Structures are given as C-alpha cells and as structure tokens.
Amino acid sequence: MTAQHKAPRGTRDTLPEDQPYWEFVREAASRTSTAFGYESIETPVFEEASLFTRGVGEVTDIVQKEMYIFKDRGGLDLALRPEGTAPVCRAYLEHGMHNLPQPVRLWYWTPIFRYDRPQAGRYRQHHQFGAEAIGEAASAVDAEVIELLWRLYEELGLTNLTLQLNSIGDSKCRPKYLEILRDYYRDKLDNVCLDCRARFDRNPLRLLDCKQERCQPIIAGAPPITDYLCEDCAAHFSELKALLETARIPFTLSPRLVRGLDYYARTVFEVTPPDEGAQSTIGGGGRYDGLIELLGGRPTPGVGFATGIERIILKLQRQGVAVPQRERPQVYVAVQTPAARVPAFRLASELRRAGISAISAAGERSLKAQMGHADAIGATYVAILGERELAEKTVTLRQLAGGAQETVPLTDVVSRIRPSR
RNA sequence: GUGGGCGUAGCGUAGCGGUUAACGCGCCAGGUUGUGGCCCUGGAGAUCACGGGUUCAAAUCCCGUCGUCCACCCCA
C-alpha cells in the first residue's frame, strides 16, 4: 500500500507527536505578547500581489523569485503571503488604525510561503510569529520589540543565542553612504564575486552581506555605515543601545548586517543560534518607517520582528528542551461482554460531560486486547464493564501504571477519578 | 536557480547482478475459563521512489524524473 500522494515539496505535516512543541511555542508567544501589551491580528493567507511587490521591494529575492503568485478565477493577481509585515501595515491602513492610541501594538502567528529550495529548517510553507509596533518612531519601541523577542527565547529555554544589531540609516543619510560605498568598491570590482558585481548596481548595501570567501577582505575594509549615519539616526541608534543595556539584553554590533527586505530603515537586527548550519537565523526584524507611506498612508513609523517557528522547534529539539507531554485520555472504558457495549458508551459519555477525557471500546476486541490497547494509547485508567458490574451497577476501575484496581458503584466513578473539585 | 550525497514494509535498517527481498520496532491475533506492560507463537503490511535502458537475469549496473538531505544563494 504505497501512498499515491505526498505533501508537496517543501511542505510538511505537523503530526500529533509534533504538537507539544507547537503548543509550547504558541503558548509562550501569546503569553509574552500579552505581557508586552500586544494584541493578536490575523490577515488573509493571500493578498494582492502588488502589496508585496510594492511593499517588500521589486528587487528583493522574495519578490523576484520566491513568491507564490497566481490569478484567481476573476483574474486578480494574488500572492500567498511571503512575509508578515506588509499585510499588517495594509490592515493598519484599511481599518484606520491611526485613529487608535499610537503606537498600535500587534502580533501574529501565521503560515508564510516562499518558493525556495527546501533544506532542513527551510520550507516552502513555514510559520512565523511576529510583532509590529506601528505609529511611533522613538527608539524605546525598537528596544521594546527586541526585548519581546528576546524574552520569548528566554521563556522557551533557548540558550547561547546572539543578537546582532545594526543601523542602516534612513532616506536622509543612506544615499550618501551608498555613494561612499560605491566609490570604495568601484576599483575593486574585478576582485569581487559575480553576485557582488550585480549588487553594486542594484542593491549596493547587500555587498556587505556577501559570504563569498574572496569578498571578505574587501568587505572588511569597507567603510562601516554606522560611521556615516546622520545626526538623528546616530542618536536613535545610541539611545537604542543604551536601552538594550538597561534591559540587560546582550547584543553584538554587526556593521555589515543588512536585511533582505527593502523597507528597513535605521534599526535592523537578527538572532542567530550557535550552530554552524547555513540557514541558522531564527529571528530578525527592524524599523520600517517608510513602508506605510509607500502603501498609500500618511508617513507613519513602524518597527517589528518575525521569528520562524520551525527553526525555533528545531533548536528546542537539538538543545533538548523539555516540553509538556501530549495529553492522553484519562479513561478507557473496556467491555467484557457485548451486553456492556451501550452502558460503556454511556459511561464514557458521562465522564466527558464531567470533564474527564474518555474513550470507549469499539469493535470486537477481547478484554485482553482492550487492555493492551488502553495501555498503548496511554490512558491513565481502564474502566471495565463485565457481567458482574452490569448486574451490580458498578465498574472495575484499574489504574494502568501500578495495576491497583477496585470495583466501585457507577455513581462514584467521577469522584474516584477526580477526588475533589 | 547551481553543485553534491541519499531514496528497500508506518519507522529504523540489511541485502549491492542470480530462485518465494531479510531483521528490529510498531500494528493485528493467539498462548482456554473477565485484565495491559515482560516472554513465546502466528498474521497483515514492500509495484525495492517513479520511468526508461543494459543483461539470459536487476532492489542491486547506467540514464532521466521526482523527493529528501548538505553546501551555495537567500532568509525565518
């Protein structure tokens, strides 16, 4: 019996045995967000494709080669969400959230789609938890979202993470820096990789991000952007660093950290685990002060992050973090005689009503097989209904773990399993 | 999108040119009279990823496709 269908490339099923990890992370994300005053938002899985081409940037990899785009039956150009920030900003505009107290603090947990080549920790459908604070430019909000992300990792028990921090300036100072960077590179293009030659024209900031061996010495000698920030950006950056120190969040300055999305301004950051591994970044974000305006709104600042759930779970598993066990039924109701079937079904039903999870035997299994089954599914108790019990209106309650068992009146079953409350 | 490794029952593996493809785990059943976990026995379950080729003969060799893993790219 070979399966005829498989989950599409780069997608996967989250099975019951995986769920404890998902629930653990989801619960921590929700709790941490709430602690920081963030409220949950959900946006559609697909959006107008132009939201991303415009918002994320035409020349980004996400837009150029990774978007799942399609026309619906009415001819609309749509895209499966390739990132979380642009949709939230769209919702902010669409619902007039500038009329709410600013900044508006939002968090989301959502599938993300990118047509990438899959690898461990890299999927075509993956999930991100993210938070956005829209409507306030102060560095305190940058510090706040970074602290939120960092607290989440702490809550989860992830260790040895590195927070990399940089400022890439704004529309005032970055163009000037890019000219300086180009000037620096101009006579070195012969010694640089092919990709970097393309970056020189298209997206010079990315030159700093190249991992090619041959480009490293050139990057090392490049002027760091942080030396060329305008006064406002420099002040914003140093305030942020001071606030992070106040919050005792350790960070590493990475003057070469740039990010793949066009909308970033000033603050950018990334969180990486100690592992080797290529796609090791587990979270990242930054400030996107121009984005709302780009999407047709009034100039509105914003800052946020996103973190990959699959990658978090991978780290949790690698670091051996214990998560709550998955829940098993408390009671398995077994029958010794066919006459007990209906009473067994009724007992299970009553237990559930009383808030005790229960399964009743189905099919024609022997009592012995039912016991084995109850054990295999991890039930805490087996409630046995046989001829004697039917006659006496009792049930034999057996605790699987120790094997202790007693016969109790049907009316006492609930209180026996859950003594008080 | 580029390069490389891998692809045998649900899972983990053995077999690497020659009769009905093996083992462990798991699943189902039995080991008499109402009871699990250990043990014993039996059973179900595999077009050996898919397609083509070489050969008297292919899971075993070759090619292609798909998937997966690793690196690049990019990112979460």
Side-chain angles (χ1 to χ4, degrees), chain A residues 1-12 15 17 25 56 60-66 81-85 109-130 149 193-196 198-199 203 206 209-213 257-261 270-273 276-285 305-315 332 334-337 340 361 363-390 396-405 407:
Chain A
M1 190 175 64
T2 306
Q4 284 184 31
H5 297 286
K6 298 194 227 179
R9 178 167 208 208
T11 69
R12 32 179 234 167
L15 302 173
E17 67 206 56
V25 178
V56 178
T60 58
D61 277 16
I62 287 181
V63 166
Q64 282 191 332
K65 44 185 220 194
E66 294 174 5
R81 171 176 39 224
E83 66 94 43
T85 300
W109 172 286
T110 189
I112 299 286
F113 303 86
R114 288 184 201 166
Y115 190 83
D116 239 353
R117 184 134 168 196
Q119 246 170 271
R122 190 169 84 181
Y123 305 98
R124 289 184 172 182
Q125 179 182 182
H126 73 275
H127 298 75
Q128 291 184 3
F129 160 64
L149 180 61
C193 74
L194 238 69
D195 285 334
C196 277
R199 289 179 182 124
N203 200 348
R206 299 300 289 283
D209 204 26
C210 184
K211 278 128 199 150
Q212 292 290 316
E213 199 64 43
L257 174 67
V258 300
R259 307 219 66 227
L261 288 62
E270 236 169 62
V271 178
T272 51
E276 347 56 74
Q279 62 296 326
S280 59
T281 301
I282 62 172
F305 67 78
T307 182
I309 311 305
E310 283 82 352
R311 287 188 186 175
I312 287 177
I313 289 173
L314 204 61
K315 300 309 167 213
Y332 182 92
V335 297
Q336 177 260 325
T337 163
E364 301 282 324
R365 291 183 164 162
S366 66
L367 181 58
K368 185 176 177 159
Q370 293 174 61
M371 298 291 295
H373 185 72
D375 189 45
I377 64 175
T380 310
Y381 294 94
V382 175
I384 302 166
L385 285 175
E387 280 160 14
R388 282 202 302 275
E389 289 85 352
L390 285 182
T396 296
L397 205 54
R398 181 181 178 88
Q399 206 154 5
L400 264 331
Q405 98 180 25
T407 299

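In what follows, chains are A, B, ... by sequence order, proteins preceding strands, each numbered from 1. Only a predicted model underlies this, so the values are computations on that prediction, with no experimental measurement involved.
Protein atom NZ of A:K315 is 17 Å distant from nucleotide atom P of B:rC75, rounded to whole Å. In this structure, NZ of A:K6 is placed 10 Å from P of B:rA49, rounded to the nearest angstrom. Rounded to whole angstrom, the span from the OH atom of A:Y115 across to the C1' atom of B:rA76 amounts to 19 Å. In this entry the distance linking CD1 of A:I112 with P of B:rA76 reads 9 Å, nearest Å. A:D116 places its CG atom 14 Å from the P atom of B:rU2, with the value rounded to the nearest Å. For the pair A:R124 CZ and B:rG1 C1', the computed distance is 11 Å after rounding to whole Å. One atom, NZ of A:K368, and another, P of B:rG31, lie 6 Å apart when rounded to the nearest Å.
Among the atoms of the strands shown, only primed sugar atoms or phosphate atoms (P, OP1, OP2) are found under 4.0 Å from some heavy atom of A:I282. Across all strands, A:E270 comes closer than 4.0 Å to no nucleic acid atom at all (heavy-atom distances). Here A:A306 lies in heavy-atom contact (under 4.0 Å) with sugar-phosphate atoms only. Note on A:R12: nothing from the nucleic acid sits closer than 4.0 angstrom, heavy atoms only. Using a 4.0 Å heavy-atom cutoff across all strands shown, A:G363 reaches no nucleic acid atom at all. Among the heavy atoms of the strands lying under 4.0 Å from A:A401 is at least one base atom, whether or not backbone atoms are also near. Across all strands shown, A:Y123 has heavy atoms under 4.0 Å from base atoms, whether or not it also approaches the sugar-phosphate. A:R259 comes within contact range of the sugar-phosphate backbone alone, with a heavy-atom separation under 4.0 Å but no base atom that close.
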Which pairs, protein N/O on one side and nucleotides 24-27 of chain B N/O on the other, fall under 3.5 Å?
none

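Between the base of B:rU35 and the side chain of A:Q336 there is no donor-acceptor pair shorter than 3.5 Å. Judged by distance alone with a 3.5 Å cut-off, a donor-acceptor contact links the side chain of A:D375 to the base of B:rG36. At a cut-off of 3.5 angstrom, counting only N and O atoms as typed in the model, there is no donor on one side facing an acceptor on the other between the side-chain of A:E66 and the base of B:rG1. For A:R122 against B:rC73, a side-chain-to-base donor-acceptor contact under 3.5 Å is present. No N or O donor and acceptor, one from the side chain of A:R117 and one from the base of B:rC72, sit under 3.5 Å apart. Within 3.5 Å, no donor on the side chain of A:R398 pairs with an acceptor on the base of B:rG34, nor the reverse.
In this structure, A:H126 packs face-to-face on the six-membered ring of B:rA76, meeting both the 5.5 Å centre cutoff and the 30° plane limit.
Judged as a side-chain hydrogen bond (donor to acceptor under 3.5 Å, both in side chains), the pairs with a partner in residues 364-379 of chain A (not counting sequence neighbours) are, in order, A:R365-A:H373.
At B:rG34, none of the side-chain N or O atoms of A:R388 fall inside 4.0 Å of OP1 or OP2 (strictly under the cut-off). In this model, the phosphate group of B:rA71 is approached by a side-chain N or O of A:Q119 to a distance below 4.0 Å at OP1 or OP2. Between A:S366 and the phosphate of B:rG30, there is a side-chain N or O to OP1/OP2 separation shorter than 4.0 Å. Listed pair A:R9 / B:rU68 meets the phosphate criterion, a side-chain N or O lying under 4.0 Å from OP1 or OP2.
Using bins of under 30°, 30° to 60° and over 60° for the plane-to-plane angle, the ring pair A:F305/A:F129 lands in the perpendicular bin.
In a base pair of the Watson-Crick type (N1 to N3 plus N6-O4 or O6-N4) or a G-U wobble (N1-O2 and O6-N3), with each distance short of 3.5 Å, B:rG3 is matched with B:rC70.
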